[in-house]
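Just so you know, these numbers use all the heavy atoms, side chains as well, and skip hydrogens, waters and symmetry mates. For this chain, numbers begin at 1 and follow the sequence in order.
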Amino acid sequence: MADAACVVGSATGFVDLGYGQTVFLGIVQGITELVPVSSSAHMRIVPALLGWPDPGAAFSAAMQMAALVGVVTYFWKDIRGLASGSLAALKNRDFESFPFQLTLWIGISTLPLVVAGLALAHSLNSCGSPLRSIWAVGLACLVMGLLLAATEILARHRRALPSVRPLDLLLIGLAQAGALIPGVSRSGATLTAALSLGFKREEAARISFLLGLPAIALAGIKELWELHKLSLDGHGWSLLAVGLLAGGISSLIAIWGLMRFLERFSTWPFVIYRILLGLALIGAAATGLIA
């Protein structure tokens with residue numbers, strides 16, 4: 001059925017879902033988009049386990065608008081400070097001010113993701129893409145779990161946001177580009193990169209989310225536009241709306257919980273979960289349990 005939903009190279013399998021299924025997947029997306037466990041992996045795995053159509057990469061990307069609501073709401077004070085500080089810097093020609101520099105380099109550090117996204121757009125969105133196979137998702141989960149473990153063991157978690165440098169943001173931006181592969185996780189890749197650079201866990205998460213704002217917004221807007229060009233009918237748009245509402249609420253709860261957690265604990269629970277998930281998926285793919 002998912003193959004029948006391939007339109008102009010974009011997987012729109014979500015149109016075959018019901019409202020209850022869309023709400024459930026919206027909640028899954030909202031939570032896993034902001035927690036370092038890979039939303040794209042779970043959006044590929046959960047429907048497969050439940051026997052539902054693959055909702056498609058376009059659905060997952062459009063649903064990032066829900067995560068955007070959660071991030072903007074939670075970090076509104078930081079975002080407002082960066083915006084007002086940048087405008088004041090432009091007015092006073094103080095281009096060395098921290099808010100202006102941080103905002104500028106967040107924008108520059110988003111470019112690797114944009115370039116990689118445009119280059120891989122066809123492979124990422126086409127039905128039956130090898131990048132969305134269970135093998136690929138499982139391997140990505142396993143590798144990223146091991147990398148996150150390495151940062152917990154080797155990195156010093158001492159730095160705070162005011163110490164961030166342009167090179168730090170560029171390196172985190174490069175890591176973010178890897179999240180185009182299902183199973184890598186945008187928040188997981190950027191959190192791992194920030195931790196490896198010595199940032200405290202909660203500060204690494206803050207940097208991850210602030211740097212991810214342009215990427216989340218661009219991905220969501222792009223896919224909504226693509227769906228508009230496909231002349232998605234009223235039923236399809238209503239399914240998206242219901243999913244976005246569920247995802248927005250769950251994403252806000254997820255980000256609040258994650259920040260509280262990282263203020264007190266390490267990322268080892270996520271490490272263990274990702275490694276076990278990766279091994280389980282590889283095993284399921286090898287045995288044919290999940291096609």
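Within a 6.0 Å radius of CH2 in W225, other residues, nucleotides and ligands contribute 12 heavy atoms or fewer. No more than 12 heavy atoms of other residues, nucleotides or ligands sit less than 6.0 Å from atom CH2 of W256.
In this structure, the side chains of L171 and L197 come closer than 4.5 Å at one or more pairs of heavy atoms. L148 has its side chain within reach of L195: a pair of non-hydrogen atoms, C-beta onward, lies under 4.5 Å apart. Side-chain contact between I221 and M65 is present, with heavy atoms from C-beta onward closer than 4.5 Å. Taking 4.5 Å as the limit, every side-chain heavy atom of R165 sits out of range of all side-chain heavy atoms of Q101. Side-chain contact check for R274 versus L142: every heavy-atom pair is 4.5 Å or farther apart. The shortest distance between side-chain heavy atoms of V143 and L147 falls below 4.5 Å. Side-chain contact between D168 and F199: present, with at least one pair of heavy atoms (C-beta onward) separated by less than 4.5 Å. For the pair I172/S208, no side-chain contact is recorded, criterion being any heavy-atom separation below 4.5 Å from C-beta on.
Side-chain polar atoms of Y19 and S238 form a donor-acceptor pair below 3.5 angstrom. Under the 3.5 Å distance criterion, with hydrogens and angles disregarded, no donor-acceptor pair is assigned to the side chains of S38 and S185.
No side-chain donor-acceptor contact under 3.5 Å links R159 to the backbone of A204. The closest donor-acceptor contact from the side chain of S251 to the backbone of G248 lies under 3.5 Å. When atom types are taken as modelled, the side chain of R264 and the backbone of R260 share a donor-acceptor pair closer than 3.5 angstrom. Between the side chain of S97 and the backbone N or O of A89, no donor-acceptor pair lies under 3.5 Å. At distances below 3.5 Å, at least one donor-acceptor pair connects side-chain atoms of N92 with backbone N or O atoms of A88.
Here the closest heavy-atom approach between residue L191 and residue A205 is recorded as CD1-N, 3.6 Å. Here the closest heavy-atom approach between residue P182 and residue A140 is recorded as O-CB, 3.6 Å. Here the closest non-hydrogen pair linking P36 and G188 is CB-CA, 3.6 Å. In this structure, G70 and I255 approach most closely via the heavy-atom pair O-CG2, 4.1 Å. Annotation for Q176 and G212: closest pair OE1-CA, 3.4 Å, computed over non-hydrogen atoms. When all heavy atoms of S196 and A155 are compared, the closest pair comes out as CA-CB, 4.1 Å.
Listed by chain and residue number, R206 satisfy the salt bridge (Lys or Arg N to Asp or Glu O under 4.0 Å) test with D78 (two or more places apart in sequence, or in another chain). For I31, the side-chain contact (heavy atoms from CB on, under 4.5 Å) criterion is met by I27, V35, S250, A254, not counting sequence neighbours. With sequence neighbours left out, T32 forms a side-chain contact (heavy atoms from CB on, under 4.5 Å) with V28, V37, S39, H42. Residues satisfying the side-chain contact (heavy atoms from CB on, under 4.5 Å) criterion with A83, sequence neighbours excluded, are absent altogether. Residues that satisfy the side-chain contact (heavy atoms from CB on, under 4.5 Å) test with Q21, not counting sequence neighbours, are L17, W52.
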Task: Steps toward side-chain contact (heavy atoms from CB on, under 4.5 Å) verdict (V69, I249) - done: CA-CA 9 Å; V69 171; I249 295 171; over 6 Å; no
Task: Verdict with reasoning, L68 to Q64, per side-chain contact (heavy atoms from CB on, under 4.5 Å) - done: CA-CA 6 Å; L68 181 66; Q64 290 191 51; over 6 Å; no
Open item on the list: One pair to check against side-chain contact (heavy atoms from CB on, under 4.5 Å): Y74 and I79. What are the steps and the verdict?
Closed with: CA-CA 10 Å; Y74 187 87; I79 295 168; over 6 Å; no
Open item on the list: Between I134 and I282, is the side-chain contact (heavy atoms from CB on, under 4.5 Å) condition met? List the steps.
Closed with: CA-CA 7 Å; I134 296 299; I282 292 171; over 6 Å; no
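Grouping the Ile, Leu, Val, Met, Phe, Trp and Tyr side chains by contacts below 4.5 angstrom, directly or via other members, places L102 with L90. Residues F75 and V164 fall within the same hydrophobic cluster, defined by Ile, Leu, Val, Met, Phe, Trp and Tyr side chains chained together at heavy-atom separations under 4.5 Å. Under a hydrophobic clustering in which Ile, Leu, Val, Met, Phe, Trp and Tyr are joined whenever their side-chain heavy atoms come within less than 4.5 Å, directly or via other members, L279 and L49 fall into the same cluster. Under the 4.5 Å side-chain heavy-atom criterion for Ile, Leu, Val, Met, Phe, Trp and Tyr, W135 and L146 are members of the same hydrophobic cluster. Hydrophobic clustering places L211 together with L161 (ILVMFWY residues linked when any side-chain heavy atoms are closer than 4.5 Å, directly or through intermediates).
Rounded to the nearest 0.5 Å, atoms CG (L82) and CG (L104) are 12.0 Å apart. Rounded to the nearest 0.5 angstrom, R186 CZ and I216 CD1 are separated by 4.5 Å. Once rounded to the nearest 0.5 Å, the distance linking CZ of R158 with NZ of K200 reads 11.0 Å. Rounding to the nearest 0.5 Å places CG of L281 at 10.5 Å from CG of L139. Here the straight-line distance linking atom CG of L252 with atom CG of L34 works out to 9.5 Å at 0.5 Å rounding. Put simply, OG1 on T110 and CH2 on W105 are 12.0 Å apart, with the number rounded to the nearest 0.5 Å.
In this structure, F261 and F270 have perpendicular ring planes: the angle between them is above 60°, well past the 30° mark.
Annotation: side chain to side chain donor-acceptor pair (under 3.5 Å) contacts involving residues 143-157, sequence neighbours excluded, comprise E152-R201, E152-T267.
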